[in-house]
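Okay, structure first, notes after.
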Amino acid sequence: MAEKAGFEGQEKARRIRITLCSKNVKKVEAVCAAIVGNAKKDEIKVRGPVRMPTKQLKIVTRKTPNGEGSKTWDRFTMRIRKRVIDVVATSKQVRDITSMALDPEVTVEVTTFAA
C-alpha cells in the first residue's frame, strides 16, 4: 500500500498501556505521578492511573519445625499493588515519557494495541 504524500516521516499514534507493579505503594504512586507528569508536559493524551485491586499473597506455617510443643502459627502476607496508565502516543513519545530513572522495586510493562 502506497504512503500518502507528506506523511512519510510521521509515525501513527497508537494506544499504549503501561502497567506498574510493586509491593511498596508509595514508590508505585511516585512512578505513576512522574509518568503522568511527563506525558502532560508533552501534551499527550493520558488516562489513569487506574488502581487495580490489591493482590494479597498469604502463607500460614507452623512455628515449630518438628511438630512438638504448642501449636503456634506464623502468618505472612505480601500485598502487590498494580496501576494501569493508558496513553495515546507514538512509540518515540512513550520512550521519552518513560526514559527516567525508575525505582528498581517497580516493575514496568508496556503493551501496545493494534489501531
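Between I16 and A89, the shortest heavy-atom contact is CD1-O, 3.7 Å. For the residue pair S22 and V28, the shortest heavy atom distance occurs at CB-CB, 4.0 Å. Of all heavy-atom pairs between W73 and K63, the closest is O-CE, 3.9 Å. Residues V31 and M100 approach most closely at O-CE, 4.2 Å, considering heavy atoms. Taking each heavy atom of R17 and D86 in turn, the nearest pair found is NE-OD1, 2.8 Å. A pairwise comparison of heavy atoms in R81 and K23 identifies NH1-O, 3.5 Å as the closest pair.
The closest side-chain heavy-atom distance from V88 to R14 is not below 4.5 Å.
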Original post:
Does the pair K82 and K55 meet the rule for a side chain to side chain contact (heavy atoms under 4.5 Å, CB included), with working shown?
Top reply: CA-CA 8 Å; K82 193 173 190 180; K55 198 181 283 186; 5.8 Å; no

Original post:
Run the side chain to side chain contact (heavy atoms under 4.5 Å, CB included) check on T61 and F76 step by step: do they pass?
Top reply: CA-CA 8 Å; T61 184; F76 300 101; 4.0 Å; yes

**OP:** List the steps and the verdict of side chain to side chain contact (heavy atoms under 4.5 Å, CB included) for T54 and I80.
**Re:** CA-CA 6 Å; T54 302; I80 299 174; 5.9 Å; no

Original post:
What do the steps show when you test I35 against L20 for side chain to side chain contact (heavy atoms under 4.5 Å, CB included), and what is the final call?
Top reply: CA-CA 11 Å; I35 290 174; L20 305 166; 4.3 Å; yes

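Counting heavy atoms of neighbouring residues, nucleotides and ligands inside a 6.0 Å radius, atom CG of L57 exceeds 12 of them. The local environment of CZ in R47 is sparse, with at most 12 non-hydrogen atoms from other residues, nucleotides or ligands closer than 6.0 Å.
V87 pairs with exactly one of V110, I44, T98 by the side-chain contact (heavy atoms from CB on, under 4.5 Å) rule, that one being I44.
Salt bridge R83/E29: present, at least one basic N to carboxylate O contact under 4.0 Å.
Atoms NZ and OG, from K92 and S99 in turn, are 9.0 Å apart once rounded to the nearest 0.5 Å. Interatomic distance, OG1 of T112 versus CZ of R15, reported as 10.5 Å (0.5 Å rounding). A distance of 8.0 Å separates OG1 of T90 from CZ of R95, quoted to the nearest 0.5 Å. Interatomic distance, CD of Q56 versus OG1 of T77, reported as 6.5 Å (0.5 Å rounding). I97 contributes atom CD1, which lies 10.0 Å from atom NZ of K41 (distance to the nearest 0.5 angstrom).
Hydrophobic clustering (side-chain heavy atoms under 4.5 Å, transitive across Ile, Leu, Val, Met, Phe, Trp, Tyr) groups V94 together with V108.
V46 meets the side-chain contact (heavy atoms from CB on, under 4.5 Å) test with V36, A39, I85; sequence neighbours excluded.
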